[in-house]
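Everything on this sheet refers to the single structure shown next.
Treat the numbers as computed from the prediction; the structure is a model and nothing was measured.
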Amino acid sequence: MPGLGAGLARRGKVALVPSFLDILTMIPRTLLLAPLLCMLLPGCKRAEEERFQGYLEGEPVLVAAQQSGQLTSLTVQRGDQVRAGMPLFSQDQATEAASVEQAKAQVAQAQAQLANLGSGKRPPEIAIIEAQLKDAEVKRKLSADQLARQQALVAKGFVSADTLDQVRTQLGRDEAAVAQMKAQLASARLPFGRSQERAAALAEVAASLATLKQSAIRLEQKSQLAPATGLVQDTFFRIGEWAEPGQAIVSILPPENIKVRFFVPEARLNALQAGQTVAIHCDGCPAPLPATIRFISPSAEYTPPVLFSEKNRYRLVYLVEAWPQPKDAARLHPGQPVDVSLNIAKR
C-alpha cells in the first residue's frame, strides 16, 4: 500500500492507526465519483420509489337471454376472443317464427281491406244498381201517366178524389225510389269509401304493422350477438338447457373494462386527483404501464390483508381506481397483483 507507507515514512514513525488522509488514499477514485456521476446521469434514480400495492379487476359484460326458451346453439366457449357483432347463442325460435308469419298475414288482410275501400264498387255491382235505377224510372213514368189520366177522369166526375190521392201517393213513392237509386249509383262510382271507414281501415293497417314489428323483435331476441369485443370469461348454460329472461348465458370481458384498484394512505391522498396518470408495475411487464385515475373513494377503510407489507404500516387507506389503456389492458389479468407509482417513467 504505497500511499500509507509513504505517509508513515514522511512522519518518521510507525502508526498503529491510519490517519483520515491515509484512509482517503485507500478508497478507489471511482467510488468517490459514483454519487456525482449518479446525479449527472439522466437514467440514474433513487434506489427506492414510493409504490402502492393493488390488484387488477375486470368488469365483465353479462349477455343474458331476453326471452325464455331452450338453448339450441352456443358458438363460443371460455377463453375465446370475440368481436362485437359476432353470434354468441340462440334459443328455440319456432313459436316466435309462427307469430311473425301470422302478423304478416294480418298486415296483408288489413291492406287488402283498405284497397277495397279505395277502389269503389266493382263494374258488375255498378251495373246492377244502374238496372235498378232504370226500373225505378219506368215505374215513376207509369205513375205519372196514371196520375194524368186520373186527373182527367176526376174533372169529368167519373172517379172520386180518393182515387186521385192514391195515384199521387204512388207517384211520390216512385220518385223517391228513383232518387235513392241515383244516390246509390253515385256512391258506388266514388273512388273512396266513407271517410270514417277509410280511417278505420288505415288504423287497422297501422295496428297490424305494429304487431308484426313486435313479433319480429321477439324473434330477433332469440339470437344474441356480442355487444363488445373482448375475452369470453365464462359460459353458464349448455345446449339443451332452459334459460329464463335475464339469466346470463355468456360473460365477456372487454379490455377497456379492466382496471387497477390500489390503496393509498391519507398522507398521500392530496397528491391524487381524477384524470391523473399513474404507473402500473407488474411481474412480467417490460416497462411500467400508464393508467388514468377515474375514482377516488371519499371514505377510508382498513388495510386489506392481501396488502400486508413491512413498509406499509398504515391502518387506514383510501381506495383508488385507475384504468390502463385498452392496448395495455389486453396483456393484464384480473386478480393479478401489481404495484402503482405516482411517477410515470418514459416508455
Side-chain angles (χ1 to χ4, degrees), residues 53-97 100 215-263 277-295 304 306-307 319-340 347:
Q53 292 179 315
Y55 59 93
L56 293 170
E57 184 178 79
E59 297 179 347
V61 177
L62 300 178
V63 185
Q66 299 189 37
Q67 300 288 336
S68 60
Q70 187 180 35
L71 200 66
T72 56
S73 70
L74 183 62
T75 59
V76 296
Q77 60 183 356
R78 182 165 48 185
D80 289 347
Q81 288 285 345
V82 296
R83 293 187 175 275
M86 291 181 58
L88 297 179
F89 63 89
S90 61
Q91 297 170 276
D92 178 49
Q93 304 174 356
T95 302
E96 287 73 20
V100 170
S215 301
I217 291 175
R218 286 193 293 267
L219 177 61
E220 183 181 357
Q221 289 176 344
K222 282 301 187 75
S223 300
Q224 291 299 318
L225 306 178
T229 299
L231 174 71
V232 177
Q233 273 197 321
D234 206 350
T235 58
F236 308 106
F237 282 81
R238 292 183 293 270
I239 295 177
E241 294 182 332
W242 186 273
E244 294 292 340
Q247 289 184 320
I249 307 296
V250 180
S251 173
I252 300 177
L253 180 60
E256 59 270 18
N257 286 14
I258 296 178
K259 63 183 177 180
V260 58
R261 307 178 88 231
F262 62 99
F263 300 83
T277 303
V278 296
I280 302 175
H281 305 266
C282 61
D283 297 336
C285 296
L289 304 177
T292 303
I293 295 177
R294 296 185 187 174
F295 172 76
V306 295
L307 300 181
L319 169 66
V320 181
E321 293 181 348
W323 272 256
Q325 299 179 6
K327 62 181 182 64
D328 296 329
R331 302 182 303 181
L332 303 175
H333 305 280
Q336 181 180 359
V338 296
D339 293 332
V340 180
R347 302 181 63 187

I would like to know whether Leu332 and Cys282 meet side chain to side chain contact (heavy atoms under 4.5 Å, CB included); could you show each step before the answer? CA-CA 9 Å; Leu332 303 175; Cys282 61; 4.1 Å; yes
So, do [X] and [Y] sit near enough that their side-chain heavy atoms are less than 4.5 Å apart?
{"X": "Glu256", "Y": "Pro326", "answer": "yes"}
{"X": "Asn257", "Y": "Pro60", "answer": "no"}
{"X": "Val320", "Y": "Ile293", "answer": "yes"}
{"X": "Phe236", "Y": "Gln247", "answer": "no"}
{"X": "Asp339", "Y": "Gln53", "answer": "yes"}
{"X": "Arg331", "Y": "Leu289", "answer": "yes"}
{"X": "Pro290", "Y": "Asp328", "answer": "yes"}
{"X": "Pro288", "Y": "His281", "answer": "yes"}

Shortest non-hydrogen contact from [X] toward [Y]:
{"X": "Ala64", "Y": "Phe89", "answer": "O-CZ, 3.9 Å"}
{"X": "Ile252", "Y": "Pro227", "answer": "CD1-CD, 4.2 Å"}
{"X": "Ile258", "Y": "Trp323", "answer": "O-CD1, 3.6 Å"}
{"X": "Tyr55", "Y": "Val338", "answer": "N-CG2, 3.9 Å"}
{"X": "Ile280", "Y": "Ala291", "answer": "CD1-CB, 3.6 Å"}
{"X": "Thr72", "Y": "Ile239", "answer": "O-CG2, 3.8 Å"}

So, are Arg218 and Glu96 salt-bridged, with charged N and O less than 4.0 Å apart?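 A salt bridge is absent here (no side-chain N lies under 4.0 Å from a carboxylate O).
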Pair Glu321 + Arg294, salt bridge at N-O below 4.0 Å: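 No, this pair does not count.
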Report the C-alpha distance between Glu244 and Trp242 in whole Å, list the side-chain angles of each, state the deciding distance to 0.1 Å, and finish with yes or no for side-chain hydrogen bond (donor to acceptor under 3.5 Å, both in side chains). CA-CA 7 Å; Glu244 294 292 340; Trp242 186 273; 2.9 Å; yes
Spell out, as yes or no, whether a donor-acceptor pair under 3.5 Å connects the side chain of [X] to the backbone of [Y].
{"X": "Lys259", "Y": "Pro324", "value": "no"}
{"X": "Gln91", "Y": "Gly69", "value": "yes"}
{"X": "Thr229", "Y": "Ala84", "value": "yes"}

My understanding is that only residues two or more places apart in sequence, or in another chain, count here; which of them pass side-chain hydrogen bond (donor to acceptor under 3.5 Å, both in side chains) with Gln77?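 Checked Gln77 against side-chain hydrogen bond (donor to acceptor under 3.5 Å, both in side chains); zero matches.
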Nearest-0.5 Å distance, CD of residue Gln70 to CG of residue Asp92: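 So the gap between those two atoms works out to 6.5 Å.
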More than 12 heavy atoms of other residues, nucleotides or ligands under 6.0 Å from CD of Glu220: is that the case?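 No, because the 6.0 Å sphere around CD of Glu220 holds 12 heavy atoms or fewer from other groups.
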Verify the distance criterion only: is there a donor paired with an acceptor across the side chains of Ser223 and Gln93 at less than 3.5 Å?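 Result is yes, a qualifying pair exists.
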After noting the C-alpha distance and the side-chain angles of Val232 and Val250, does the key distance pass the side chain to side chain contact (heavy atoms under 4.5 Å, CB included) rule? CA-CA 7 Å; Val232 177; Val250 180; 3.9 Å; yes
Not counting sequence neighbours, which residues clear salt bridge (Lys or Arg N to Asp or Glu O under 4.0 Å) with Arg78? List them please.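 Salt bridge (Lys or Arg N to Asp or Glu O under 4.0 Å) list for Arg78, sorted by chain: Asp234.
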Passing candidate, side chain to side chain contact (heavy atoms under 4.5 Å, CB included) with Thr235, options Ile249, Leu88, Leu74, Asp80: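 It is Leu74; the other options fail the test.
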List the steps and the verdict of side chain to side chain contact (heavy atoms under 4.5 Å, CB included) for Leu71 and Arg238. CA-CA 7 Å; Leu71 200 66; Arg238 292 183 293 270; 5.9 Å; no
